[in-house]
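Data first, discussion second: the structure below is written as structure tokens.
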Number of protein chains: 2
Amino acid sequence: MQDPAPPAVRGPGRARDAARTRAEIIEVATREFAEQGYTGARVDRIAERTRTTKRMIYYYFGGKEGLYVAVLEHAYAGIRQSERDLDLTGLRPIEAMRRLAELTYDHHVAHPEFIRLVSIENIHRAEHLASSETLRNLNMPVTDLIAGLLADGRADGTVRADADPLDVHMVISAYCVFAVANRHTFDALFGRDLLDPARRGHYRTLVGDLVVRYLTPTGP
Amino acid sequence: MQDPAPPAVRGPGRARDAARTRAEIIEVATREFAEQGYTGARVDRIAERTRTTKRMIYYYFGGKEGLYVAVLEHAYAGIRQSERDLDLTGLRPIEAMRRLAELTYDHHVAHPEFIRLVSIENIHRAEHLASSETLRNLNMPVTDLIAGLLADGRADGTVRADADPLDVHMVISAYCVFAVANRHTFDALFGRDLLDPARRGHYRTLVGDLVVRYLTPTGP
DNA sequence: TTACTAACGTACTAGTTCGTACATTAACGT
DNA sequence: ACGTTAATGTACGAACTAGTACGTTAGTAA
């Protein structure tokens with residue numbers, strides 16, 4: 001953003017910038033794949049919307065599938081980073097968990113494109129995710145974060161002893177992913193838009209409550 | 001199943017049975033669309049796997065899109081029916097809710113194909129669902145069931161007063177849909193198969209707990 | 001029997017879509 | 001300057017894919 005923008009032209013004479021071209025292709029492809037699915041996405045359409053040509057997609061990514069994998073890798077790198085940026089300092093474990101659930105909700109709502117990519121990848125049984133070295137080695141910092149909070153909470157008795165970090169993460173993900181991913185069928189069937197801005201607060205609070213109630217130890 | 005099976009042949013001379021042909025196309029198409037997505041599905045492939053020809057798909061359904069809508073309608077008619085078959089008699093409201101959550105989990109796990117269709121339809125922003133008269137008029141009996149249970153529970157003080165039926169349904173759906181729909185990416189990223197038979201009981205119990213804890217009124 | 005029509009089959013086409021062969025140019029080190 | 005190569009552009013093709021024109025046959029009613 002801070003570098004002097006090269007002339008936004010195509011054709012002979014345009015300045016060469018591999019990194020920029022590559023990044024632009026990824027950005028446009030992310031939208032196309034998220035909108036249309038893997039099979040529905042069109043290589044020609046992606047090329048059209050770029051300041052370069054289809055030839056470059058094959059030059060940099062080898063083909064449609066390579067481009068799709070690059071898009072996935074880029075997208076996952078994004079959330080992993082935002083998971084690292086989470087700041088829950090100064091909160092007691094149970095309240096940190098509530099906050100984590102609420103922030104996760106906000107993050108998912110703010111990035112529907114990513115959720116769509118995940119849905120699409122699941123339709124394809126995560127075969128691209130599984131075949132990418134980069135993606136296989138991706139660790140998700142949030143699980144360690146949750147594990148730490150649960151351990152602290154168990155130590156001071158504010159969190160039930162039998163709560164599993166990955167289960168808790170699954171519950172949070174399930175709720176947040178569903179609200180975004182299944183928004184359309186839910187709205188069509190029940191007449192309620194899960195992403196209606198007027199209801200955001202309600203649904204944010206709901207997932208927080210859900211998690212806190214699940215984690216709170218039952219009476220003596 | 002109980003009628004004498006017509007000869008399983010194709011070509012001139014085969015017995016004619018419109019209903020049977022139609023049903024067979026829907027069945028094969030359901031698999032194809034669920035496996036490949038709408039765009040990835042191939043009309044020719046569906047025809048191949050049927051005892052009839054592609055011509056019949058156009059004869060009965062008008063085209064790929066019409067067939068897809070017919071598949072959706074058939075699939076949704078299925079769950080609506082199984083929602084009607086739910087039997088929760090003899091249980092107190094809160095325990096009936098627990099049971100409902102657990103049965104929903106079992107049902108979703110048993111019908112991954114349907115969950116995939118729903119995911120696919122969401123990728124397409126539920127435009128087919130919204131454009132089908134049949135599907136728009138589809139009522140989902142489970143929401144009334146939940147509303148009744150919550151009302152009963154409120155009456156005898158076993159369910160918190162501010163619980164909304166559709167929210168509760170959303171929470172249950174989110175959990176159950178996620179376990180099936182996002183199974184592959186979750187497994188690839190966290191190394192845990194959410195549908196591992198050895199963990200079914202655990203995850204069934206978890207969603208029951210989640211709902212019960214959410215619905216239980218807080219302290220005195 | 002015969003006329004009629006719903007049900008079915010074959011062969012083809014127009015358009016699309018991924019991918020590539022081949023040509024060209026800008027940057028960079030020496 | 002100049003040669004090398006990374007980066008880019010153009011034009012095209014082979015395969016696929018939804019959809020259709022046209023012909024045929026089985027059941028049925030009179």
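Side-chain atoms are counted along with the backbone in the values below, which use heavy atoms only and exclude waters and symmetry mates.
Between Tyr38(A) and Phe33(A), the two ring planes are parallel [angle under 30°; tilted spans 30° to 60°].
Rounded to whole Å, atom P of dG9(C) lies 15 Å from atom CG of Asp44(B).
A heavy atom lying under 4.0 Å from DNA chain D marks none of the residues of residues 120-134 of chain B.
Distance alone, capped at 3.5 Å, places no donor-acceptor pair between the Asn139(A) side chain and the Pro141(A) backbone.
Among the nucleotides dA7(C), dT8(D), dA18(D), the one closest to any side-chain atom of Tyr58(B) is dA18(D). The side chain of Arg55(A) lies closest to dG9(D), out of dA21(D), dG9(D), dC18(C).
Between Phe114(A) and Tyr76(A), the distance from one ring center to the other falls under 6.0 angstrom.
Phosphate proximity of dG9(C) to Thr52(B): present, with a side-chain N or O under 4.0 Å from OP1 or OP2. At dA6(D), none of the side-chain N or O atoms of Tyr60(A) fall inside 4.0 Å of OP1 or OP2 (strictly under the cut-off). In terms of phosphate contacts, Thr21(A) brings a side-chain nitrogen or oxygen within less than 4.0 Å of OP1 or OP2 of dT8(D). Between Thr53(B) and dC8(C) there is no side-chain N or O to OP1 or OP2 distance below 4.0 Å.
Proximity of Val171(A) to Tyr175(B): side-chain heavy atoms (C-beta onward) are separated by under 4.5 Å at one or more points.
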